[in-house]
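Only this structure's heavy atoms are used, side chains among them; waters, hydrogens and symmetry mates stay out.
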Amino acid sequence: MKKFLVITFVTLLFLSGCNTSRANDSSIPIELAAFNSLTNEEKALIPASPKDSVVKKIAVNDEIKHLIDKDYDKDEIYSITFNNTETESLGKLIVFVDLDKETVVGKGFSNQ
């Protein structure tokens, strides 16, 4: 009987550990959410992988307000800057994502 209880306890412990680790696997990485919002032409600018990007939480300021949805009312936002996407006339491709890490609220090019 003790052996059955130990096996049951270990099995429950294992299953509960599996369930909690899978809960975070359902959302896609923020870089891929940003990449999926791009047009085919914009995607063609990315020479390697969408993971080759810089993700920052930044303050919404006058410098970027014109690039994001006019109804976005939060003070902070994520910027995803894709490396090696600059052209002679444009800066790096940048996508702005809400703090929920899923909703794209703007995009454009930055010379920074």
Side-chain angles (χ1 to χ4, degrees):
M1 184 67 166
K2 284 183 181 180
K3 190 174 183 179
F4 175 75
L5 290 174
V6 170
I7 291 172
T8 303
F9 176 73
V10 170
T11 302
L12 289 174
L13 186 63
F14 176 74
L15 290 176
S16 67
C18 289
N19 288 339
T20 57
S21 66
R22 287 181 179 238
N24 295 333
D25 292 344
S26 63
S27 63
I28 64 171
I30 191 169
E31 301 93 335
L32 291 180
F35 180 77
N36 289 338
S37 74
L38 301 176
T39 65
N40 288 337
E41 292 81 19
E42 291 166 335
K43 287 178 182 178
L45 293 173
I46 300 172
S49 164
K51 288 288 203 174
D52 184 21
S53 59
V54 177
V55 178
K56 292 182 188 176
K57 186 188 274 189
I58 61 171
V60 175
N61 58 32
D62 292 337
E63 205 173 296
I64 65 167
K65 263 191 177 171
H66 70 281
L67 297 173
I68 60 175
D69 185 344
K70 63 181 169 92
D71 295 326
Y72 189 76
D73 60 354
K74 296 178 184 168
D75 294 334
E76 291 185 310
I77 197 168
Y78 284 103
S79 70
I80 295 84
T81 305
F82 293 100
N83 292 320
N84 305 309
T85 56
E86 57 269 27
T87 65
E88 287 183 27
S89 60
L90 300 172
K92 292 182 179 181
L93 178 60
I94 186 167
V95 176
F96 298 100
V97 178
D98 182 69
L99 298 177
D100 68 6
K101 297 184 178 182
E102 295 178 1
T103 308
V104 174
V105 295
K107 63 183 171 180
F109 289 88
S110 171
N111 290 325
Q112 298 175 350

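A donor-acceptor pair shorter than 3.5 Å cannot be found between the side chains of D98 and Y78.
For the pair V105/I77, a side-chain contact is recorded, criterion being any heavy-atom separation below 4.5 Å from C-beta on. Looking only at side-chain heavy atoms (C-beta outward), K57 and L99 come within less than 4.5 Å of each other.
In this structure, I30 CD1 and K51 NZ are separated by 10.5 Å, a value rounded to the nearest 0.5 Å. How far CD1 of I80 is from OG of S53: 7.0 Å, rounded to the nearest 0.5 Å. Of the inter-residue distances, the one linking L67 atom CG with S110 atom OG reads 8.5 Å to the nearest 0.5 angstrom. Note that CD of E86 and CG of L93 are 10.5 Å apart. Values are rounded to the nearest 0.5 Å. The line from OG of S37 to CZ of F96 is 11.5 Å long, rounded to the nearest 0.5 Å. To the nearest 0.5 Å, atoms CD1 (I68) and NZ (K107) are separated by 15.0 Å.
Enclosure of atom NZ in K65 is not indicated, since only 12 or fewer non-hydrogen atoms of other residues, nucleotides or ligands lie within 6.0 angstrom. Open room surrounds CG on D75; 12 or fewer heavy atoms of other groups in view lie less than 6.0 Å from it.
Both the sub-6.0 Å distance and the 45° axial angle are satisfied by K43 relative to the ring of F35.
Contact between V104 and A33 at its shortest, heavy atoms only, is CG2-O, 3.7 Å. Contact detail for P50 and L32: the closest heavy-atom pair is CG-CD2, 3.8 Å.
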(request) Show the numbers, then the answer: is there a side-chain contact (heavy atoms from CB on, under 4.5 Å) between V60 and E76? (result) CA-CA 5 Å; V60 175; E76 291 185 310; 5.8 Å; no

(request) Quick one: do I94 and I64 satisfy side-chain contact (heavy atoms from CB on, under 4.5 Å)? Show the steps, please. (result) CA-CA 10 Å; I94 186 167; I64 65 167; over 6 Å; no

(request) Would you please test S27 and E102 for side-chain contact (heavy atoms from CB on, under 4.5 Å) and show each step? (result) CA-CA 8 Å; S27 63; E102 295 178 1; 4.1 Å; yes

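If you run side chain to side chain contact (heavy atoms under 4.5 Å, CB included) between E31 and each of N36, V97, V55, only V55 comes through.
In this structure, the side chain of T85 does not engage the main chain of I46 through any donor-acceptor pair within 3.5 Å. Although no hydrogens or angles enter the test, the distance criterion places no donor-acceptor pair under 3.5 Å between the side chain of D52 and the main chain of A48.
The hydrophobic cluster containing V54 does not contain F109, counting ILVMFWY residues as joined when their side-chain heavy atoms lie under 4.5 angstrom apart, directly or transitively.
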